[in-house]
**Q** 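Dumping the structure here so I can ask a few things about it.
First the proteins, then the strands, lettered A, B, ... as listed; each starts at 1.
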Protein chains: 2
Amino acid sequence: MDRFVSNTTSRLDAKGRVSVPASFRSVLGRDGFDGLYCYPTLDQAAIDAGGHALLAEIDSLIGRFPPYSQEREELRVALYGRSATLKIDGEGRVMLTEELKSHAGIVDSVAFVGLGHKFQMWEPERFRAHLAKATATVRALTRRLGSHSPDSDPGARE
Amino acid sequence: MDRFVSNTTSRLDAKGRVSVPASFRSVLGRDGFDGLYCYPTLDQAAIDAGGHALLAEIDSLIGRFPPYSQEREELRVALYGRSATLKIDGEGRVMLTEELKSHAGIVDSVAFVGLGHKFQMWEPERFRAHLAKATATVRALTRRLGSHSPDSDPGARE
DNA sequence: TGGGTGTTTATGGGCGTCAATGGAAGCTGT
DNA sequence: ACAGCTTCCATTGACGCCCATAAACACCCA
């Protein structure tokens with residue numbers, strides 16, 4: 001597998017460290033990035049994280065704007081200026097910065113959510129709410145797409 | 001990592017010295033530039049800083065204007081003429097010149113902000129305001145680009 | 001199919017190293 | 001000789017790195 005999938009929750013220990021799920025670490029290893037590149041998700045109370053694939057996405061986003069334009073400079077500040085490269089210790093743990101934690105409302109536990117080329121970290125309760133909302137949106141979407149969705153099985157709730 | 005990312009704040013000591021963050025120093029070391037190349041940011045109350053990569057950017061910016069044009073000469077003055085190469089002492093500290101400090105409004109503490117190929121130094125409070133503005137702009141931008149999931153809530157619940 | 005066993009992951013803590021900071025001593029030019 | 005820098009040293013506290021235990025899972029074999 002070469003992308004981040006599934007989601008798990010783990011707790012911060014007394015030193016503020018948290019284990020990155022093993023499956024995510026193996027994707028990062030394949031990506032070749034040393035450490036974990038993170039920044040506050042722009043429009044959500046979450047943290048975006050990944051490796052080279054994520055950096056490439058950021059570069060392409062910035063590259064869409066003309067050099068020296070104000071938009072470009074502000075993107076730089078928002079993306080580079082707020083990001084952090086976290087070190088992953090021998091046991092696969094990272095320490096989140098204060099800024100990242102406060103943006104996501106993370107206190108003592110983190111939900112890791114795979115999104116393909118990157119993953120997100122959420123405060124678990126917020127993620128539950130976010131997921132419920134997203135699920136509702138998706139239901140409406142598939143319904144609108146015509147053919148009733150293949151797996152819209154009632155009763156499949158948390 | 002080969003670029004400046006993240007942001008940290010540190011204080012000037014009694015002699016006016018300030019520690020450049022270790023991660024920035026390691027990028028500078030890789031860049032090969034001895035010291036820290038600085039100049040007042042043209043359109044902001046901040047200081048631009050970096051090494052060879054920054055010098056290269058300046059050259060390319062100046063090169064966009066026709067030789068001997070007035071714009072070109074004025075850019076030269078603004079970028080070369082106001083710049084300073086600060087020495088980095090054994091402990092990774094620099095001393096800002098009076099001109100740099102007054103341009104950025106820096107008194108007793110400095111926010112270091114990574115922007116990829118260069119970084120900036122801000123008076124911390126001003127940086128907070130600047131970051132808030134940039135973040136707002138970028139949110140609007142990314143929404144317009146549709147680069148994020150359509151997360152608009154049709155039926156907000158919770 | 002169930003029990004047992006071995007491997008991998010998660011988690012907790014100890015210790016050494018390095019970064020950040022403060023201060024003192026040596027230079028240099030005026 | 002003095003002021004302003006620069007270089008050097010000392011302290012503290014955070015963080016990186018290592019080991020030790022425990023829990024989860026997978027695998028194998030009876």
**Q** Using a heavy-atom distance cut-off of less than 4.0 Å, which residues of residues 5-33 of chain B contact DNA chain D?
**A** B:K15, B:R17

**Q** Sort me out a list of protein N/O and nucleotides 22-26 of chain D N/O pairs below 3.5 Å, or just none if empty.
**A**
none

**Q** With a cut-off of 3.5 Å and sequence neighbours excluded, list every side-chain donor-acceptor pair involving residues 55-67 of chain B.
**A**
residue, atom, partner, partner atom, Å
B:E57, OE2, B:H117, NE2, 3.0
B:D59, OD1, B:Y80, OH, 2.4
B:S60, OG, B:E57, O, 3.2

**Q** Would you say the side chain of A:Q120 lies within less than 4.5 Å of the side chain of A:Q44, judging by non-hydrogen atoms?
**A**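 With C-beta onward as the side chain, the pair touches.
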
**Q** Taking the side chain as everything from C-beta on, heavy atoms only, tell me whether B:T135 gets closer than 4.5 Å to A:R82.
**A**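 Yes, their side chains come closer than 4.5 Å.
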
**Q** Does any part of the side chain of B:L12, heavy atoms only, come nearer than 4.5 Å to the side chain of B:K101, both counted from C-beta?
**A**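 Of all side-chain heavy-atom pairs linking B:L12 with B:K101, at least one is under 4.5 Å.
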
**Q** Would you name the heavy atoms of B:M121 and B:L96 that are closest together and state the gap between them?
**A** SD-CD2, 3.9 Å

**Q** Find the distance between CZ (A:R143) and CG (A:L145) and round it off to the nearest 0.5 Å.
**A** 11.5 Å

**Q** Which residues pass the ring-ring contact (aromatic ring centres under 6.0 Å, His included) test with A:Y39, not counting sequence neighbours?
**A**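 Expected list: none.
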
**Q** Is there a path of hydrophobic side-chain contacts, each under 4.5 Å between heavy atoms, that joins B:L79 and A:Y68?
**A** yes

**Q** Using chain B heavy atoms and a threshold of under 4.0 Å, write down where along DNA chain C the contacts begin and end, 5' to 3'.
**A**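 The contact span of chain B on DNA chain C goes from C:dA19 to C:dA24.
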
**Q** If you round to the nearest 0.5 Å, how far is CD1 of B:I88 from CG of B:D34?
**A** 7.5 Å

**Q** State which residues pass salt bridge (Lys or Arg N to Asp or Glu O under 4.0 Å) with A:E91; sequence neighbours excluded, sorted by chain then number.
**A** A:R93

**Q** Using a cutoff of under 3.5 Å, can you pull out all pairs of nitrogen or oxygen atoms linking the protein to nucleotides 1-3 of chain D, with atom names and distances?
**A**
none

**Q** Verify the cluster assignment for A:V18 and A:L100: are they in a single hydrophobic cluster under the rule of side-chain heavy atoms below 4.5 Å apart?
**A** yes

**Q** Output yes when a side-chain donor or acceptor of B:D31 lies under 3.5 Å from a complementary backbone atom of B:A53, and no otherwise.
**A**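 Flag set: sc B:D31 to bb B:A53 pair under 3.5 Å.
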
**Q** Tell me, do B:R11 and B:D108 make a side-chain contact under 4.5 Å, heavy atoms counted?
**A**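 Result yes, sub-4.5 Å side-chain heavy-atom pair found.
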
**Q** How many angstroms lie between OG1 in B:T97 and CG in B:L86, if you round to the nearest 0.5 Å?
**A**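 Here the interatomic distance stands at 7.0 Å.
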
**Q** How bent is the helix from C:dT1-D:dA30 to C:dT30-D:dA1, comparing axes over its five end pairs at each side, to the nearest 10°?
**A** 30°

**Q** Any pair with a residue in residues 44-53 of chain B that passes salt bridge (Lys or Arg N to Asp or Glu O under 4.0 Å), sequence neighbours left out, goes on the list, sorted by first then second residue, please.
**A** B:D48-B:K118

**Q** Parallel, tilted or perpendicular: which fits the ring planes of B:F4 and B:F24, with parallel below 30° and perpendicular above 60°?
**A** perpendicular

**Q** Mind listing the residues from residues 105-121 of chain B sitting with a heavy atom below 4.0 Å of DNA chain D? Number order is fine.
**A** none

**Q** Please work out which of the three classes, parallel, tilted or perpendicular, describes the rings of B:F119 and B:F112, given edges at 30° and 60°.
**A**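 Tilted.
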
**Q** Are A:I47 and A:W122 co-members of a hydrophobic cluster defined by side-chain heavy atoms under 4.5 Å apart?
**A** no

**Q** Could I get the full list of ring-ring contact (aromatic ring centres under 6.0 Å, His included) partners for B:F33, not counting sequence neighbours?
**A**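 Only B:H52 meet the ring-ring contact (aromatic ring centres under 6.0 Å, His included) criterion with B:F33.
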
**Q** Using a heavy-atom distance cut-off of less than 4.0 Å, which residues of residues 81-98 of chain A contact DNA chain D?
**A** A:K87, A:E91, A:R93

**Q** Search all heavy atoms of B:E99 against all heavy atoms of B:S102 and return the closest pair with its distance.
**A**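 Closest approach of B:E99 to B:S102: O-OG, 3.2 Å.
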
